[in-house]
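Side-chain atoms are counted along with the backbone in the values below, which use heavy atoms only and exclude waters and symmetry mates. What you see is a predicted model, and the numbers here were worked out from it, not measured in a lab. Atoms within a ligand are numbered from 1 in the order they appear, just like the ligands themselves.
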Amino acid sequence: MSEPLRIAIAGLGTVGRGVVKGLQQDAALLQARAGRPLQLVAVSARDKHKDRGIALPADIVWCEDATQLLEQPIDLLVELIGGAHGIAKTLVEGALAKGIDVVTANKALIAKHGLQLAQLAEAHHTDLRFDAAVAGGIPIIDVMQHGVAANRFERICGILNGTCNYILSHMQSRGIAFDEALAQAQAQGFAETDPSTDIDGMDTAHKLAILTSLAFGTQPALESVQLRGIRSIDALDIKAASDLGFRIKLLGVAQPLPDGRILQRVEPCLLPKDAPLARIIGAFNAVQLEGHALGRLLLEGQGAGELPTASSVLSDILQIARGSQTEVFTVPAAELQPLAPATADAMQCRHYIRLSVRDEAGVLAAIAGVFAKHTISVESLIQREHQPDAPTSIVIITHECSAAAVQDALSAIAALPIVTHPPQHLPIQE
Ligand SMILES: NC(=O)c1ccc[n+]([C@@H]2O[C@H](COP(=O)([O-])OP(=O)(O)OC[C@H]3O[C@@H](n4cnc5c(N)ncnc54)[C@H](OP(=O)(O)O)[C@@H]3O)[C@@H](O)[C@H]2O)c1
């Protein structure tokens with residue numbers, strides 16, 4: 001029989017637990033597909049006595065100090081601790097430098113240090129795989145590296161954070177406010193106690209930076225992602241968008257501009273209700289790839305959770321067991337180009353705008369005057385029903401215009417005495 005692949009797992013939380021279960025429960029199936037046994041030899045987590053719902057046989061070495069995993073006789077380190085710095089980075093760097101292959105689900109680590117880690121992997125002829133880092137159970141990295149690798153990508157667009165999609169879907173289906181939907185997401189285990197990485201968009205930005213690099217052959221450039229989360233989305237926006245035929249989704253979008261710069265943005269957007277991404281509800285994720293030969297390809301699935309994420313980690317382990325080699329970002333690290341970032345200012349699209357104004361004569365004329373001055377043409381303008389003594393909402397859909405023009409117009413409108421709250425403004429993604 002072929003030599004077993006000897007594996008160490010660092011981190012036995014949600015994902016680590018799922019990977020151990022898979023290795024134990026599906027050992028025969030995985031061995032058949034790998035062509036050799038997958039042998040768990042060592043693990044590490046903080047608390048040895050925590051009940052994790054898994055049984056670890058006595059011959060599996062428990063390392064109190066995770067760095068001790070690298071001293072074990074292993075071929076592969078599976079890093080499932082998380083975090084861009086600290087022990088996760090130390091372990092991954094240490095493993096690659098020692099000639100030990102690495103599988104990780106750590107999006108923050110790859111988004112921030114991916115280039116350096118790819119260089120390290122190449123220098124030591126080791127493999128670094130991270131399919132679980134983007135969109136959990138959706139095999140998007142593998143698809144981009146292999147299945148659609150003959151395409152020039154025109155745009156990558158994804159719902160990459162299940163927490164945000166759950167919150168926005170619940171605001172939509174139940175007509176509830178953001179805070180209530182967030183509390184429900186937390187109660188259901190779909191949001192962390194501190195949800196800021198998810199709802200402020202950074203989690204999506206990590207994943208987008210990785211996808212951008214794979215799609216456009218650029219060095220991961222997390223710092224140039226234009227970032228806006230979903231905290232400002234009001235139930236009024238969800239309702240108004242719905243009445244106008246749209247859904248609001250937090251999207252991560254990467255697209256090259258004709259001048260070669262690349263725009264990476266994470267922001268809530270309106271999507272026509274019949275757009276494929278608009279139909280992704282709850283905690284699900286989806287990635288839409290647009291390639292010159294392929295046209296559109298949509299992959300939808302569970303973006304997080306024990307078994308879906310373990311599914312991607314185990315697939316990466318299988319690839320390594322089979323000995324298949326792929327460059328970390330598909331092309332050699334030295335060929336990854338520095339990303340020339342673009343800002344969204346020049347982006348031409350329709351825009352959704354909601355203004356809160358006093359219910360007074362002349363309001364509409366004042367607003368129309370500002371839009372005309374900024375050469376923004378209005379497709380529709382609706383004055384929403386309002387409660388007595390409460391401000392009136394005016395919802396506007398513009399024709400295609402630049403985001404910079406809209407921002408300038410809204411700065412002018414916000415300064416008008418008739419405006420009671422800062423304007424809401426969201427792009428419409430066609
Ligand atoms: N959860 C998901 O659905 C999901 C989806 C996609 C990607 N990911 C990524 O997968 C990774 C793991 O996420 P998770 O949700 O499984 O995290 P988690 O549930 O918080 O588990 C983290 C694990 O790391 C262990 N740990 C923490 N510090 C350690 C240290 N210094 N030495 C050894 N072990 C240490 C913890 O030990 P104790 O258990 O003893 O505290 C725990 O077992 C992260 O990079 C995350 O971004 C997660």
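The backbone N or O of Val328 sits less than 3.5 Å from a side-chain atom of Gln145, completing a donor-acceptor pair. No donor-acceptor distance shorter than 3.5 angstrom exists from the side chain of Gln219 to the backbone of Gln337, with no hydrogens or angles considered.
Ligand 1 is surrounded by Gly11, Leu12, Gly13, Thr14, Val15, Ser44, Ala45, Arg46, Asp47, Lys50, Arg52, Ala66, Leu80, Ile81, Gly82, Ile87, Ala105, Asn106, Lys107, Ala132, Ala304, Gly305, Thr309, each with at least one heavy atom closer than 4.0 Å.
With no hydrogens or angles considered, a side-chain donor-acceptor pair links Gln184 and Arg174 at under 3.5 Å. Between the side chains of Glu192 and Gln186, not a single donor N or O lies within less than 3.5 Å of an accepting N or O.
Among Ile159, Leu270, Leu277, the single residue meeting the side chain to side chain contact (heavy atoms under 4.5 Å, CB included) criterion with Lys249 is Ile159.
Residues meeting the ring-ring contact (aromatic ring centres under 6.0 Å, His included) test with His399, sequence neighbours left out: none.
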